[in-house]
Protein chains: 2
Amino acid sequence: MAQPIRFRQAPSPLKASCQQCSLSNLCLPLAVQDNDLDSLEDIVQQGRMYDRGEHIFDQSTPFRSCFAVKSGSVKTSIITEGGEEQVTGFFMPGELVGLDSMSGEFYACTAKALERTSVCEFPIEKLEELTGKLPDLQHHMYRLMSQEIQNSHQLAMLLSKNTAEERIAALLLSLSSRFQRRRMSPTNFSLPMARNDIANFLGLAVETVSRVFTRFQNQGLIRARGREVELLDVEALQLVTREFSRQNCQH
Amino acid sequence: MAQPIRFRQAPSPLKASCQQCSLSNLCLPLAVQDNDLDSLEDIVQQGRMYDRGEHIFDQSTPFRSCFAVKSGSVKTSIITEGGEEQVTGFFMPGELVGLDSMSGEFYACTAKALERTSVCEFPIEKLEELTGKLPDLQHHMYRLMSQEIQNSHQLAMLLSKNTAEERIAALLLSLSSRFQRRRMSPTNFSLPMARNDIANFLGLAVETVSRVFTRFQNQGLIRARGREVELLDVEALQLVTREFSRQNCQH
DNA sequence: CGTCCGAATTGATGCAAATCAAAGGATCAC
DNA sequence: GTGATCCTTTGATTTGCATCAATTCGGACG
């Protein structure tokens with residue numbers, strides 16, 4: 001009697017159990033009916049753990065899979081021939097990494113664990129096959145990719161139109177709402193990335209990021225010590241991000 | 001005898017004929033087998049003509065369809081509450097507009113004809129249904145969306161790391177290769193967009209764009225009068241775009 | 001517990017591009 | 001053809017942020 005139960009809980013060390021995963025309402029499983037969840041579990045592979053700083057893939061890795069962050073967090077960046085880096089995104093548990101790589105033989109970016117991180121792996125061939133059978137899952141993939149395009153457009157907008165303060169306020173608020181959706185405090189969290197990564201992502205110098213943090217702190221908007229951040233006045237931060245558009249409103 | 005021939009050429013005023021379209025090797029049809037082309041033609045609708053400046057859709061339009069540019073060209077932009085505009089892309093014949101809008105009820109951007117433009121319309125529900133049946137078409141959709149993410153990341157990179165000259169050289173070269181793929185001269189073309197749109201897209205002031213154009217002209221890289229542009233020294237322009245990465249290469 | 005090295009902060013200076021201002025050019029309507 | 005309007009170019013000035021330089025902080029590790 002003990003046997004079958006153990007078997008149900010861990011049918012295979014490589015097979016992930018979406019059923020029991022606390023992220024199932026943030027991740028791909030949210031798109032599929034309960035009775036189709038098995039087929040998603042059939043293709044997903046439990047990935048290994050990555051230490052802080054380890055590469056999950058880089059631009060010389062043949063593209064085979066998308067990865068869902070299970071715990072920890074991931075930074076993606078493009079590295080040019082000249083060694084120049086552009087951070088393109090930060091990914092938190094439940095988010096899917098690799099959607100920008102589905103049009104080429106190799107990954108279009110490099111993915112690095114920002115802290116000790118585990119992932120689930122979705123082999124792309126099997127995933128495509130499955131989305132062909134499950135319209136809801138296909139629809140969800142389209143949504144995710146579309147959202148990724150929108151995010152990137154938002155970033156471009158931030159980079160081309162907004163001041164350093166506006167960019168950083170926007171990032172803090174984005175992180176805040178993403179922590180909140182994961183049932184963590186929206187006002188009290190630990191930044192997974194270094195100042196350097198923030199600077200690179202937002203198109204700023206590290207020194208500027210540092211200065212804005214202290215300015216926000218002096219204004220009583222946040223409290224920051226190292227990577228620990230507390231948002232003291234969310235509304236004021238929202239005002240900062242909107243300042244720009246309001247100032248330019250003609251009325 | 002005349003009747004059936006007329007009927008084959010124009011079976012219905014609303015139904016497009018991908019078979020006879022010169023863009024079929026750039027557009028969605030390139031992904032499907034000849035014998036499946038019918039089913040694609042069944043769902044595509046011949047859109048109407050748009051005059052320069054006309055909106056194809058805007059951010060208050062319920063999202064129903066993606067559009068392939070048939071002739072002319074299209075500009076997409078996000079318009080914020082404050083009326084601020086961020087140009088997110090320029091689309092040429094064969095390219096698909098609306099992929100960024102598949103995750104919401106309304107279009108995520110505003111699409112405007114830059115010149116007299118015609119489009120083909122792909123109702124999204126029917127398109128999703130069809131991609132569920134045709135794995136090649138589904139794969140192609142994933143590729144297109146992925147490419148769009150990459151393009152947007154490239155833009156973000158350009159905006160955050162490159163000088164005005166580098167940005168404009170990159171845009172000119174991008175347009176050049178896109179004209180070339182459409183069997184038009186890669187060195188001698190007419191810009192579909194105004195200086196203002198270029199400036200907005202690249203995160204610059206109009207004046208800066210104008211200045212860089214004259215600087216390039218004085219250096220003998222291009223010849224520009226109004227929207228007519230001739231690339232005189234493509235290699236030098238490529239050097240300008242790479243200058244940045246080379247300068248920062250530590251070796 | 002002290003040492004070391006990368007990360008973060010703070011200050012001083014310089015520059016690329018924005019902004020302000022104004023004059024030409026092109027395009028359209030009438 | 002002739003204004004009117006918008007688009008583009010050119011020049012003068014300002015400015016936000018990068019860059020350079022120098023501490024200070026903090027965590028890893030013997």
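A note on names: the letters A, B, ... follow the listed sequences, proteins ahead of strands, and every chain is numbered from 1. Everything numeric here is computed off the predicted structure, so don't read it as measured data.
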- Just checking, any donor-acceptor pair under 3.5 angstrom between side chains of A:Thr187 and A:Glu230? no
- Task: Decide if the gap between the ring center of A:Phe57 and the ring center of A:Tyr107 is smaller than 6.0 angstrom.
- Result: yes
- Message: Under 6.0 Å between ring centres: does that hold for A:Phe122 and A:Phe67?
- Response: no
- Message: Without decimals, in angstroms, what is the distance between B:Leu202 CG and C:dA18 C1'?
- Response: 15 Å
- Between A:Glu228 (CD) and D:dG26 (P), how many Å, whole number? 12 Å
- Item | Modelled atom types, side-chain donor and acceptor of A:Ser77 and A:Glu85, under 3.5 Å | yes
- Message: Regarding B:Thr241 and B:Glu166, do their side chains bring together a donor and an acceptor under 3.5 Å, going by distance alone?
- Response: no
- Between A:Arg225 and A:Glu165, the residue closer to the 5' end of DNA chain D by nearest nucleotide is A:Glu165
- Message: Side chains of B:Thr88 and B:Thr76 only: does a donor on one sit below 3.5 Å from an acceptor on the other?
- Response: yes
- Tell me: CG of A:Leu158 to P of D:dG16, nearest whole Å? 17 Å
- Task: May I ask you to check whether B:Glu121 and B:Ser65 show a side-chain donor-acceptor distance below 3.5 Å?
- Result: yes
- Message: Please report the distance, rounded to the nearest Å, between CZ in A:Phe213 and P in D:dC17.
- Response: 15 Å
- Message: Between B:Phe179 and B:Phe189 (judged by ring centroids, cut-off 6.0 Å), do the two rings come close enough to count as a pair?
- Response: yes
- Message: Expressed as a whole number of angstroms, how long is the span from B:Asn162:CG to C:dA17:P?
- Response: 10 Å
- Heavy-atom closest pair (A:Gly220 atom, A:Leu232 atom, distance to 0.1 Å) is O-CB, 3.5 Å
- Message: Can you give me the closest heavy-atom contact between A:Met145 and B:Ile149, atom names plus distance?
- Response: O-CD1, 3.9 Å
- Query: So, for A:Phe216 and A:Val240, which heavy atoms are closest and what is the spacing to 0.1 Å?
  - Reply: CZ-CG1, 4.3 Å
With 3.5 Å as the limit, what N/O pairs link the protein to nucleotides 2-4 of chain C?
none

Show each protein N/O and nucleotides 19-24 of chain C N/O combination with a separation under 3.5 Å, one pair to a line.
from	atom 1	to	atom 2	distance (Å)
C:dT19	O4	B:Arg211	NH2	3.0
C:dC20	N4	B:Glu207	OE2	3.0

- Message: Nearest heavy atom decides the nucleotide; on that basis, is B:Arg52 or B:Leu204 closer to the 5' end of DNA chain C?
- Response: B:Leu204
- Spacing of B:Asp197 atom CG relative to D:dT8 atom C1', expressed in whole Å: 13 Å
- Item | Euclidean distance, atom CZ of residue B:Arg215 to atom C1' of C:dA16 [Å, nearest integer] | 9 Å
Between N or O atoms, less than 3.5 Å apart, protein on one side and nucleotides 6-8 of chain C on the other: list the pairs.
from	atom 1	to	atom 2	distance (Å)
C:dA8	OP1	A:Arg195	N	3.4
C:dA8	OP2	A:Arg195	N	3.3

- Message: What is the separation between atom NZ on B:Lys161 and atom C1' on C:dA16, rounded to the nearest whole Å?
- Response: 17 Å
